[in-house]
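First the structure, in the form of structure tokens, and then the observations on it.
First the proteins, then the strands, lettered A, B, ... as listed; each starts at 1.
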There are 2 protein chains.
Amino acid sequence: MRILIVEDTADVGEAVVASLERAGYACDLADRLQMAEEFLAVQSYECIVLDLSLPDGDGRSLLRQLRKRGAGTPILILTAEFEVTARVEALDAGADDYLVKPFDLRELEARLRVLIRRDKGQASGVMQLGDLAFDPAAQSVQVGGAPVPMTRREMTLLNLMMSQRGRILSKERLFEGLFSFERAEVGTNAVELYIARLRKKLAGSSARIETHRGLGYRMDADDA
Amino acid sequence: MRILIVEDTADVGEAVVASLERAGYACDLADRLQMAEEFLAVQSYECIVLDLSLPDGDGRSLLRQLRKRGAGTPILILTAEFEVTARVEALDAGADDYLVKPFDLRELEARLRVLIRRDKGQASGVMQLGDLAFDPAAQSVQVGGAPVPMTRREMTLLNLMMSQRGRILSKERLFEGLFSFERAEVGTNAVELYIARLRKKLAGSSARIETHRGLGYRMDADDA
DNA sequence: CTTCCACGATGAGAATGCGCATCCGGCCCC
DNA sequence: GGGGCCGGATGCGCATTCTCATCGTGGAAG
């Protein structure tokens, strides 16, 4: 939990550092843009608190530079400029929050907690099986990095099989999953059909579908 | 891009809705907690704007309830309470931002843009895809540096597709992002219509919208 | 070991209905 | 009042989907 504070007014900077250190963060204090850049070159931070008016330049340039470089670090602007246009401009330039002096240290801490909390915790729900990757959210299938086009039925079947990988799924079960409501009219052969289609599209992958006669189907990888 | 606004003061709520709709968001307005919960039960939102003082209870309870349920939707508190302790409490309870009335609509919009782009995992504002550049803040689209005029709906759709680039978005999902409840009577092929219009305007660009029959649409660049 | 049967695999073809284009009317905002 | 934005309706083309029919194969019993 390391935070960079860029602030030229000594007493403000020191007060912020003292407060954040008491809250358990490791803090580096820079009073000029150049010093901030030196810190950033050798250290990565959970979060950056940035004053806009600095003796050797404008904080906005640092902000833009970082974003252009692709840095995703949350940045909180802390400044005396209270004009709405300045706020909008900074936020649109890539800042994540904007606090106007004078401010309350408790609020600063709370807002930093929010930024750090947000920055963590976005997991990708991708399922992997051998060289087969399936992302249910994106509805995308890849074999060894190459995308494989799938139709809707194929996709739902793959979803069923992969979310229960390693288990044998009865044909009735798969049938329910595929044709839950319109089942009355569709023949019993349909499941086998889509199993065949899936197998064909998954040829060349290390994932495969085993047949267990009289029981159902099971998905697994070749080796393992 | 659908936003839920929970606000009991009619003129404030309507002003916010008008402003956000002009910016291309689909908005649902709830003036009571109960209504908000009903909306949330049947619809998912990109973001929630929440007033704390409501006729049938305290907004904080909704906030806590959502977080306990594990909802990760960004929430912006919009209230007249200006005490620091109230802000800290709300932020620690799971709110992502806190704006005190009276506020400037431009700042609200800017802060919502921040929350939404953060939620999507992007740090800065401008999105690029091949030679197509989209700036949600400026509501501007460029193909190879040349500006392309877009209508509001087209822009909203492009925003949806680009912020989820590489993923297949179902027609229902796009529909929900495009239209709010009051416009519920629009036909089902409205989405196809705007897809067609977008494609026409994006002809000549390396950005492309693929159709995945039965699944939805997916945005990508020609090469890759 | 052999034989037979039932279950599963596979290919070809037909119909459903999805998605696209187009034209058009209506509405809102200027 | 008018121009652009918005969304309705229709007809057509075709991918997807499912049926049908045939062939392959595993397994158990004699």
Query - Nearest to side-chain heavy atoms of B:R152, which nucleotide of D:dC6, D:dG7, D:dC18 - result: D:dC6

Report summary line: Sequence neighbours excluded, the answer for salt bridge (Lys or Arg N to Asp or Glu O under 4.0 Å) partners of A:D104 is A:R106

Query raised in the report: salt bridge (Lys or Arg N to Asp or Glu O under 4.0 Å) with A:R64: which residues, sequence neighbours excluded?
Result: A:E89

Query raised in the report: Does B:T151 put a side-chain nitrogen or oxygen below 4.0 Å from OP1 or OP2 of D:dG4?
Result: no

Atom pairs and distances, donor-acceptor, side-chain atoms in residues 48-55 of chain B, under 3.5 Å, two or more places apart:
from: B:D51; atom 1: OD1; to: B:S53; atom 2: N; distance (Å): 3.4
from: B:D51; atom 1: OD2; to: B:K101; atom 2: NZ; distance (Å): 3.3

Could you list the donor-acceptor pairs under 3.5 angstrom formed between side-chain atoms of residues 129-147 of chain A and any protein atom two or more places apart in sequence or on another chain?
from: A:D131; atom 1: OD1; to: A:S205; atom 2: OG; distance (Å): 3.0
from: A:D131; atom 1: OD1; to: A:S206; atom 2: N; distance (Å): 3.0
from: A:D131; atom 1: OD1; to: A:S206; atom 2: OG; distance (Å): 3.2
from: A:D135; atom 1: OD1; to: A:A137; atom 2: N; distance (Å): 3.0
from: A:D135; atom 1: OD1; to: A:A138; atom 2: N; distance (Å): 3.3

Report task. With sequence neighbours left out, write down each residue that passes side chain to side chain donor-acceptor pair (under 3.5 Å) with A:Y98, or none if nothing qualifies. Result -> none

Report summary line: Rounded to whole Å, CG of B:L157 lies from C1' of D:dC6 at a distance of 14 Å

Report task. Using five base pairs at each end, measure the axis-to-axis angle across the helix from C:dC1-D:dG30 to C:dC30-D:dG1 and round it to 10 degrees. Result -> 40°

Report summary line: B:N189 CG to D:dA9 P, in whole Å, measures 9 Å

Query raised in the report: Is a donor-acceptor pair below 3.5 Å formed from side chain B:R197 to base D:dG7, judging by atom type as modelled?
Result: yes

**Report entry** All ring-ring contact (aromatic ring centres under 6.0 Å, His included) counterparts of A:Y194, not counting sequence neighbours
**Finding:** none

**Report entry** Selection residues 201-219 of chain A - residue pairs positive for salt bridge (Lys or Arg N to Asp or Glu O under 4.0 Å), sequence neighbours left out
**Finding:** A:E154-A:K201, A:R208-A:E210, A:R208-A:D222, A:E210-A:R218, A:R218-A:D220

Using a cut-off of under 3.5 Å, enumerate the N/O to N/O pairs linking the protein to nucleotides 4-8 of chain C.
from: C:dC7; atom 1: O2; to: A:R213; atom 2: NH2; distance (Å): 3.0
from: C:dG8; atom 1: OP1; to: A:G214; atom 2: N; distance (Å): 3.4
from: C:dG8; atom 1: OP2; to: A:K171; atom 2: NZ; distance (Å): 2.5

